[in-house]
Trainee: 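Below is the structure I would like to discuss, written out as structure tokens.
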2 protein chains.
Amino acid sequence: MSTRDDLVAAATALLDEGGPERVTLREVGRRAGVSHNAPYKHFTDKQALLEAVAIQEFDRLERVMTATPTPRAEAAALLRRVMLDYVRWAQRHPRRFALVYGWSMNASADLHERAGATWRRLVELTAEAQAAGALPAGDPERAAALVRALAHGAADLSITGHLAADGKGRASAEDLVEDLLRVLGQAGRSS
Amino acid sequence: MSTRDDLVAAATALLDEGGPERVTLREVGRRAGVSHNAPYKHFTDKQALLEAVAIQEFDRLERVMTATPTPRAEAAALLRRVMLDYVRWAQRHPRRFALVYGWSMNASADLHERAGATWRRLVELTAEAQAAGALPAGDPERAAALVRALAHGAADLSITGHLAADGKGRASAEDLVEDLLRVLGQAGRSS
DNA sequence: ACCTGAACACCGTTCAAGT
DNA sequence: ACCTGAACACCGTTCAAGT
């Protein structure tokens, strides 16, 4: 483990504990066993350190999406699994989810590039599912955006407690993903 | 305008300009024409000031939802308009959207209460739309959650630039809301 | 090349007073 | 009741040195 890796690991742990404000360069340095401004020798500023954390997390997401552990899985089943993985990851690591898709990261060209690759893979999967009749025909980019937006919104509302507003939230984020895919499956078969 | 109102207005303006970090109590005080810690006589801390901003915004959202300007509008048309208003509000005031539904607000009991009222109204609308056959039958809470999660996710991805990953995003947040309602409408009529 | 310690500006918050 | 000014602790960032 290089010092750089130690710094990223410490920043990730602090992020999980209390969000970006908890990630102080002083505490990151302390946990990595260096001085409070040693991070500046590896990252231009705090923002760059958080970007490194976000990129590391994006790489994990992409690995899940491009891996196909179930041999010969149908596109629809694979799409379902990928989207369920996505909402489970978000619920398991809510602060990483907030970081990766949050405000501060929309200026990072590096992150934008990785997001593009993940997105293209999702569009491919969607197109295959359409061809199999598991989704309605039409622009695969648009159909993929629909599925992704639902999963993203369900994960975000679930994390912030807005899915269970009355204290009796009857639908989990995973339920909503399944509901959407079921409705889209009906529409795909009936057309 | 009381001093308190001036403080909330200044905080709202600063939030729009650069997010919560930009909202410093010193600058809020300066814009309201008071000292840098006069805000402490009206709010217990910065968090409480931001909560006041969030609550003000939630009240506006609720007013849009409970108002029915189009007389005798059908439930489905009204639901469509409410959800389109929601994504337009989010795109117009991205930092307010991030504040209201973001991390820091999930501990505010007052905000939670207001969210509950808005949510119940949406469930009512959904139930009416289901009765009219514009949405598939089933638990209205769950159907409402599906619509809301899609709108929320589409708005969030649109704001952070993730809907147009390839530089040629073919679906706007509004498009996705319409797509979902169309598919749900088909499923409602065919059952 | 990588790291340290002092220093600076800025911010949230507290406190002792003022009217 | 409402406000002010000084003060404290903390943080991001910079700089002059050290090996």
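Every chain is numbered from 1, with letters handed out A, B, ... down the list of sequences.
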Trainee: Side chains of A/R60 and A/R96: does their closest heavy-atom pair fall under 4.5 Å?
Mentor: yes

Trainee: Applying a 3.5 angstrom cut-off to the pairing atoms, does DNA chain D sit in any stems of at least three consecutive Watson-Crick or G-U pairs? List them by first number.
Mentor: C:4-8 with D:12-16, C:12-16 with D:4-8

Trainee: Using a 4.0 Å cut-off to any heavy atom of chain A, which nucleotides of DNA chain C are the first and last in contact, reading 5' to 3'?
Mentor: C/dC3 to C/dA7

Trainee: With a 4.0 Å cut-off on heavy atoms, is B/K46 in touch with a base, just the backbone sugar-phosphate, or nothing at all?
Mentor: sugar-phosphate

Trainee: Which is true for B/D45 with a 4.0 Å heavy-atom rule: it touches a base, it touches only sugar-phosphate, or it touches nothing?
Mentor: sugar-phosphate

Trainee: Could you check whether any side-chain heavy atom of B/L122 comes within less than 4.5 Å of a side-chain heavy atom of B/L79, counting everything from C-beta outward?
Mentor: yes

Trainee: Going by an N to O cut-off under 4.0 Å, is there a salt bridge joining B/R120 and B/E124?
Mentor: no

Trainee: May I ask you to check whether over 12 heavy atoms, not counting those of B/R80, lie within 6.0 Å of atom CZ?
Mentor: no

Trainee: Using the salt bridge (charged side-chain N to carboxylate O under 4.0 Å, His left out) rule, take B/R63 and B/D59 through it: C-alpha gap first, then chi angles, then the decisive distance, then the call.
Mentor: CA-CA 6 Å; B/R63 222 173 300 134; B/D59 284 347; 5.6 Å; no

Trainee: So that I can tick it off, tell me whether B/R31 and B/E17 are bridged by a salt bridge, with the cut-off set at under 4.0 angstrom between side-chain N and carboxylate O.
Mentor: yes

Trainee: How far does the C1' atom of D/dA9 sit from the matching atom of C/dC10, given to the nearest Å?
Mentor: 13 Å

Trainee: Between B/S35 and A/H36, who's closer to the 5' end of DNA chain D by nearest nucleotide?
Mentor: B/S35

Trainee: Please examine the side chains of B/L111 and B/E51, heavy atoms only from C-beta on, and report whether any two atoms are closer than 4.5 Å.
Mentor: no

Trainee: Answer yes or no: is there a side-chain heavy-atom contact under 4.5 Å between A/Q56 and A/V53?
Mentor: yes

Trainee: Roughly how far, to the nearest 0.5 Å, is CG of B/L146 from CG of B/D139?
Mentor: 11.5 Å

Trainee: Within residues 14-27 of chain B, which residues have any heavy atom lying less than 4.0 Å from an atom of DNA chain C?
Mentor: B/V23, B/T24, B/L25, B/R26

Trainee: If you take the centroid of each ring, where Trp contributes its six-membered ring, are A/H112 and A/F58 closer together than 6.0 Å?
Mentor: no

Trainee: Taking the C1' atom in each of C/dA16 and D/dC3, what is the distance between them to the nearest angstrom?
Mentor: 13 Å

Trainee: On DNA chain C, does the nearest nucleotide to B/R30 precede the nearest nucleotide to A/H42 from the 5' side, or the other way round? Give the residue.
Mentor: A/H42

Trainee: Going by heavy atoms in the side chains, are B/L50 and B/M105 under 4.5 Å from each other?
Mentor: yes

